[in-house]
Colleague: 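One structure follows; several queries about it will come next.
Values in this document were obtained by computation on a predicted structure and should not be read as measured data. Every chain is numbered from 1 and lettered A, B, ... according to where its sequence line falls, protein lines coming before strand lines.
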Amino acid sequence: MSKPSLPQGTRDFGPDVVRKRNYILNTIKKVFELYGFQPLETPAMENLDSLMGKYGEEGDKLIFKILNNGLDNKEKEKQLREDFEKVLEGKNNKGITERALKYDLTIPFARFVAMNHNQLTFPFKRYQIQPVWRADRPQRGRYREFYQCDADVVGSNALLNEVELANIYQEVFSQLGLKDCTIKINHRKILAALAEICGGLEKMMDITIVIDKLDKIGLEKVKEELVGRGLDAEQVTIIEKYLGISGSNDERIAQLKTLLGENANAKKGIEELEYLYLKFATNDSTLAVDFTLARGLNYYTGIIFEVAAPPSVKMGSIGGGGRYDDLTGLFGVPDIPGVGISFGVDRIYDVMEELNLFPADIHISTQVLFFNLGETESQKAFELMQQLRKKGISSELYHENVKFDKQFKYAEKKNIPYVVIIGEKELEEGSCGVKKLSTGLQENISFNEFLNYPFA
RNA sequence: GUGGUUAUAGCUCAGUUGGUUAGAGCAUCAGAUUGUGAUUCUGAGGGUCGCCGGUUCGAGCCCGGUUAGCCACCCCA
């Protein structure tokens, strides 16, 4: 037996980490509920059909496929060998694999809506917090198993939904104490307009992919790559102007109008962006129109979001989303539009860790530790402990009668703020010692008063 | 999936051109202390040097492979 290990890109979460993660997740959940969203869970695995082709060519490669059972069936050996040949050619084959781990939460959600649209009341607002899997090569902040945390509204074209989602972002990050996050917004139709003017709509994919890299590789490289993807000098110049747009939201919109204003798609996009950021209006600095925002995923058709971590930490986006007009169409149910956002929980965790934003009392679980000082002593302690627990104060009795030193150290390690000492002497007096570890102060309290002691 | 880089005690790391029995700090455990936790002092345990193979009289060190972490590309949260 070799040393136990984990599959590449996966992690165990110890108690401390789970507490911190739950702090983030519970905050997000509370806000989702506050805005009227309902919970949904879908299976870890989906039929491979449901996932393939939904995330682009690259995405397909990153889907974790599950090997079928019964491949050792001798009676089917010939067929299976033929099937496997096809797998070797890079094609999926139902004989070998027909299920896969889910790659994100949006497509399974679309599948759910397509299957249940007759029963759902629209607009259907759901949130979903579950792990997803990608066969990507891990790096800092990138894992093969990670949690996504999504909220979507389907069955409504109203831009009010975008306003609500932007507010959810703002509310969550403010509750988590993450100042200086920027919610960047752009519109797919604006990118489409740019593509129409620069070489046609079929160039949109190329253009968005390259634009997306701007802050990583810089303007010069972007221009080079655009030429490499078949754009001429004039078109590159327009894109350069487009990328150079800067200033306040109003100023940016004005500049875009002069550049692309005649285009119908651009007009529509501008109109919707204006609606969103004017309506949002609580704090202009957190919602920023950013025309360099592209987002790779193909199914977005309207406003797109991305949340940038505070500039003081080096971290990519910690959230993203957008509007898709026909997601369930992929599953044979057309005309159900939707819009959604996603929180990058692992990255938010890293950012909060780096900025030291987790509350100090997050590790307190047990509030009171009863010392164990003998059989009859601990019997009394047990009795009092159960009464404390009934009052909702989480408590423990040390498991054996050992010296003080050990019991104190246990309390310290578990961050237990109070210890209760009941020994022979206390039993006789009908009292107990209550010691607050942070101050070192100890009080003697009668058993009668004990239950009203303010452990806080 | 392509390329680069790293791997030594539970943790953070030393370890000379290849040469006896691989070290330190922190942590753990025991004792000084049979009813009071930062501390101090004394002592102890802990390692197939990631794993497999090769070169060599001899490998933690050199070579090949493999696994995992990190970094870049691709893509993305």
Colleague: Side chain of A:R140, heavy atoms from C-beta onward: which of B:U28, B:C70, B:G37 has the nearest atom to it?
Modeller: B:C70
Colleague: Taking the minimum atom-to-atom distance to the side chain of A:E412, which one of B:G37, B:A72, B:A77 wins?
Modeller: B:G37
Colleague: Under 4.0 Å, heavy atoms only, any strand: does A:G321 hit a base, just the sugar-phosphate, or nothing?
Modeller: nothing
Colleague: Counting only side-chain heavy atoms from C-beta out, which of B:U2, B:C75, B:G69 sits nearest to A:P138?
Modeller: B:G69
Colleague: Counting any heavy atom closer than 4.0 Å, what does A:E57 reach on the DNA or RNA strands: base, sugar-phosphate only, or nothing?
Modeller: nothing
Colleague: Any donor and acceptor pair, going by atom type alone, linking the side chain of A:D361 with main-chain N or O of A:I364 inside 3.5 Å?
Modeller: no
Colleague: Checking contacts here: which listed nucleotide (B:A77, B:G35, B:G37) is nearest the side-chain heavy atoms of A:L437?
Modeller: B:G37
Colleague: Return yes if some donor-acceptor pair links the side-chain N/O of A:D290 with the main-chain N/O of A:K184 below 3.5 Å, else return no.
Modeller: no
Colleague: Heavy atoms only, 4.0 Å cut-off, all strands: where does A:G56 land among base, sugar-phosphate and nothing?
Modeller: nothing
Colleague: Name the pairing partner of B:C73, where a pair is Watson-Crick or G-U wobble with both distances under 3.5 Å, or state none.
Modeller: B:G1
Colleague: May A:F404 be described as stacking on the base of B:G37, applying a 5.5 Å centroid limit and a 30° limit on plane angle?
Modeller: no
Colleague: Just call it for A:I421: base, sugar-phosphate, or nothing, with non-hydrogen atoms closer than 4.0 Å on any strand.
Modeller: base
Colleague: For A:K435, answer base if it contacts any base atom (sugar-phosphate contacts may also be present), sugar-phosphate if it contacts only those atoms, and nothing otherwise; contact means non-hydrogen atoms under 4.0 Å.
Modeller: base
Colleague: Taking atom C1' in both B:G19 and B:C62, what distance in whole Å separates the two?
Modeller: 15 Å
Colleague: Base, sugar-phosphate, or nothing for A:Q442, non-hydrogen atoms under 4.0 angstrom?
Modeller: base
Colleague: Using the ring of each side chain (for Trp, its six-membered ring), is A:F37 parallel, tilted or perpendicular to A:F32, with breaks at 30° and 60°?
Modeller: tilted
Colleague: I want to know whether A:Y418 and A:F455 have ring centres closer than 6.0 Å.
Modeller: yes
Colleague: Has the side chain of A:R11 got a donor or acceptor atom sitting under 3.5 Å from an opposite partner on the base of B:G69?
Modeller: no
Colleague: Looking for any heavy atom pair under 4.0 Å, which part of the strands does A:G440 touch: base, sugar-phosphate only, or nothing?
Modeller: base
Colleague: So what does A:D346 touch, heavy atoms closer than 4.0 Å: a base, only the sugar-phosphate, or nothing?
Modeller: nothing
Colleague: Tell me which nucleotide among B:A77, B:U2, B:C74 gets nearest to the side chain of A:R137.
Modeller: B:U2
Colleague: From B:G69, B:U36, B:G1, pick the nucleotide closest to the side chain of A:Q8?
Modeller: B:G69
Colleague: Looking at A:K221, I'd like to know whether one of its side-chain N or O atoms comes within less than 4.0 Å of OP1 or OP2 on B:C73.
Modeller: no
Colleague: Report which part of the nucleic acid A:F343 touches: base, sugar-phosphate, or nothing (heavy-atom distance under 4.0 Å, all strands).
Modeller: nothing
Colleague: Quick check for you: among B:G35, B:G37, B:A77, whose closest atom lies nearest to any side-chain atom of A:E424?
Modeller: B:G35
Colleague: Which whole number of Å gives the distance between the P atom of B:C75 and that of B:U55?
Modeller: 45 Å
Colleague: A:K403 side chain: which of B:G37, B:G31, B:A77 is closest?
Modeller: B:G31
Colleague: Side chain of A:S317, heavy atoms from C-beta onward: which of B:A77, B:C75, B:U2 has the nearest atom to it?
Modeller: B:A77
Colleague: Rounded to the nearest 0.5 Å, what separation is found between the OH atom of A:Y300 and the CG atom of A:N186?
Modeller: 13.0 Å
Colleague: Any sub-3.5 Å donor-acceptor pair from A:Y410's side-chain atoms to A:L369's backbone N or O?
Modeller: no
Colleague: Quick one: which of B:C75, B:C71, B:A77 gets closest to the side chain of A:Q139?
Modeller: B:C71
